[in-house]
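The structure under discussion appears below in the form of structure tokens.
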Amino acid sequence: MKFSNLKLSTPYLELDPSFYTKVEPTPLSNPFVISTSKDAALLLGVDENLDLDEKLVDIINGSLKLEGSETFAMCYSGHQFGHFAGRLGDGRAINLGKVNGQNLQLKGAGLTEYSRQGDGRAVLRSSIREYLMSEAMHGLGIQTSRALALIGSDTDVARERWEKGAIVLRLSPTWVRFGTFEYFNSTGEHTKLQSLADYVIDESFPHLKGVESAYLKMYAEIVRNTALTIAKWQSVGFNHGVMNTDNMSIDGSTIDYGPFAFLDDYKKEYICNHTDSDGQYRFSNQPATAHWNLERLAVALSPMINYDDMDEILDDVFRPTLEKEYSEIMYAKMGLAKEDEDDKDLFYELLRSLEMASIDYTLFFRKLSHFNGDKSPLLDICINREYLKKWLDMYESRLEKEDISEEERHKKMLRVNPKYILKNHILQEAIEKAQEGDFSMVNDLLTVAYKPFDEFPDLEYLTKPVPMSSKNLKLSCSS
Ligand code: AMP
Ligand code: MG
């Protein structure tokens with residue numbers, strides 16, 4: 001089936017009108033398709049050659065509607081950098097409706113009731129970042145919103161300088177955020193909290209429908225899903241950058257890609273967001289931030305669920321889930337199948353050595369996946385060799401306790417240690433080319449985004465080392 005023949009439904013509009021505002025998109029001028037995601041098309045069950053659908057560009061530009069589509073922006077609030085921010089809402093995202101379990105949303109499609117001082121637009125630079133990262137996180141096995149297509153335009157948008165406007169058509173099984181509950185708690189409309197909880201159970205946790213203590217169990221699942229996602233972020237070296245509660249999805253997925261970054265060299269105190277002067281959302285603080293955000297959610301839900309019960313669940317579920325998941329992934333990344341009593345030291349020393357050695361986190365694990373006793377390929381990519389050398393000695397003797405063959409270990413490790421990571425320096429290069437009208441690198445990055453563990457000999461240039469001057473930079477929030 002063609003994408004343009006899809007028929008949408010709009011279950012969110014069955015909620016009270018205070019949950020949303022109906023709004024028409026404001027199309028960009030001279031829109032054109034930059035890239036489409038075959039893999040995301042599969043989610044919708046439509047022909048993967050989206051480019052051949054001549055109506056695609058007008059649908060994404062908001063000048064043509066899919067059957068059944070009624071466009072609206074969602075209302076929510078949230079805690080931003082620790083402070084309650086009042087009413088926020090979709091200031092530049094416009095929802096089209098739902099099909100195949102996916103809610104379709106245009107990001108950058110113009111002003112809404114919730115735009116405040118914003119212009120309702122998204123620039124090409126940030127749209128490329130969101131488009132590619134959504135697909136890349138999925139490729140890495142991390143729960144995330146997805147991106148179906150990216151369009152560019154001639155529309156000028158003012159940021160630090162003039163840039164061109166773009167729109168990403170993004171998909172998610174839910175766009176409800178922690179902040180959506182916080183909004184209806186802040187207004188004191190507690191019956192609306194309950195209708196939202198019923199909606200969330202229908203949409204994201206249907207197995208809880210009609211179950212005893214369903215709301216408390218919903219909270220437990222949100223805690224668990226969030227812990228699993230954060231464990232994956234920490235293991236792959238992903239720094240989200242703006243973990244406000246309005247950017248926390250109720251199903252635990254990664255959403256709202258802004259000034260995110262992957263670690264270049266392993267630095268656990270890395271802060272990717274330029275405006276985060278206190279480092280609240282720094283890499284090492286992501287688990288604690290998620291925990292704090294889950295507390296805010298519990299407060300918002302407290303008119304309908306006993307707070308102490310939620311607090312107990314948060315204590316019982318969050319840390320243990322996160323630690324178990326993180327440790328399992330890190331064991332797999334090291335190629336260790338069996339647990340040994342000294343492994344805590346081995347792991348602690350690993351992170352310390354990586355930090356001291358000044359070594360690229362992703363490249364380290366990819367090279368470790370080929371380790372055969374020769375330490376030079378690893379030592380050659382770090383600055384302070386002695387730290388890593390000591391750890392590799394420990395690792396080498398630890399490997400003797402493992403049962404599997406070297407070949408088998410390499411094979412397993414290559415499936416969990418990605419070769420292709422969309423680091424900022426490579427994204428920046430793709431953006432600069434795209435701003436000159438050359439979108440080839442965007443599409444090359446999309447190819448590796450789907451399969452980050454595979455080898456693409458023709459796309460080797462995408463793994464070139466990060467120049468010293470571009471390592472672990474901070475990014476501006478303006479997007
Ligand atoms: P973010 O930090 O991108 O998650 O955005 C926080 C809030 O600001 C959300 O309510 C966004 O919809 C809104 N917002 C961000 N950028 C814009 C913009 N250019 N125009 C209107 N609203 C915006
Ligand atoms: Mg946001």
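All ligand and atom numbering here is 1-based and tracks the order in the structure. Residues: numbered from 1 along the sequence shown.
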Counting heavy atoms only, which part of [X] comes closer than 4.0 Å to ligand 1: side chain, backbone, both or neither?
X: Arg116; value: side chain
X: Tyr76; value: side chain
X: Asp119; value: both
X: Met74; value: neither

Taking only heavy atoms of [X], which atoms of ligand 1 are found under 4.0 Å from at least one of them?
X: Asp256; value: 4 (O)
X: Gly118; value: 18 (C), 20 (N), 21 (C)
X: Asn247; value: 4 (O)
X: Arg159; value: 19 (N)
X: Ser115; value: 21 (C), 22 (N)

[X] side chain to [Y] side chain, donor-acceptor N/O pair below 3.5 angstrom:
X: Ser37; Y: Glu135; answer: yes
X: Ser18; Y: Glu189; answer: no
X: Ser134; Y: Tyr257; answer: no
X: Asn239; Y: Gln286; answer: yes
X: Ser478; Y: Glu160; answer: yes

Given Ser479, which of Lys107, Arg129, Arg92, Glu163 fulfils the side-chain hydrogen bond (donor to acceptor under 3.5 Å, both in side chains) condition?
Arg92
Which of Asp90, Thr10, Thr71 passes side-chain hydrogen bond (donor to acceptor under 3.5 Å, both in side chains) with Asn95? It is Asp90
Metal-centred angle, the Mg ion (ligand 2) as apex - OD2 of Asp256, OD1 of Asn247, 10° resolution:
80°
What protein heavy atom sits nearest atom 20 (N) of ligand 1, and how far off is it?
Gly120 N, 2.9 Å
For atom 23 (C) of ligand 1, which candidate among Arg177, Glu130, Arg92 holds the nearest heavy atom?
Arg92
Atom 10 (O) of ligand 1: of Gly91, Gly165, Gly89, the nearest heavy atom sits on Gly89
Taking atom NZ as the centre, does Lys451 end up with more than 12 heavy-atom neighbours from other residues, nucleotides or ligands that are less than 6.0 angstrom away?
no
Ligand 1 N/O within reach of Val242 N/O, cut-off under 3.5 Å:
no
Would you say ligand 1 has an N or O under 3.5 Å from any N or O of Asp90?
no
Parallel, tilted or perpendicular: rings of His240 and Trp233 (30°, 60°)
parallel
Please work out whether the ring planes of Phe72 and Tyr12 are parallel, tilted or perpendicular, with thresholds of 30° and 60°.
parallel
Would you check whether Gly258 reaches within less than 4.0 Å of ligand 1, judged by its heavy atoms?
no
If we count only non-hydrogen protein atoms and require a distance under 4.0 Å, does atom 5 (O) of ligand 1 qualify as touching the protein?
no
Should Lys333 and Glu328 count as an ion pair when the cut-off is N to O under 4.0 Å?
no
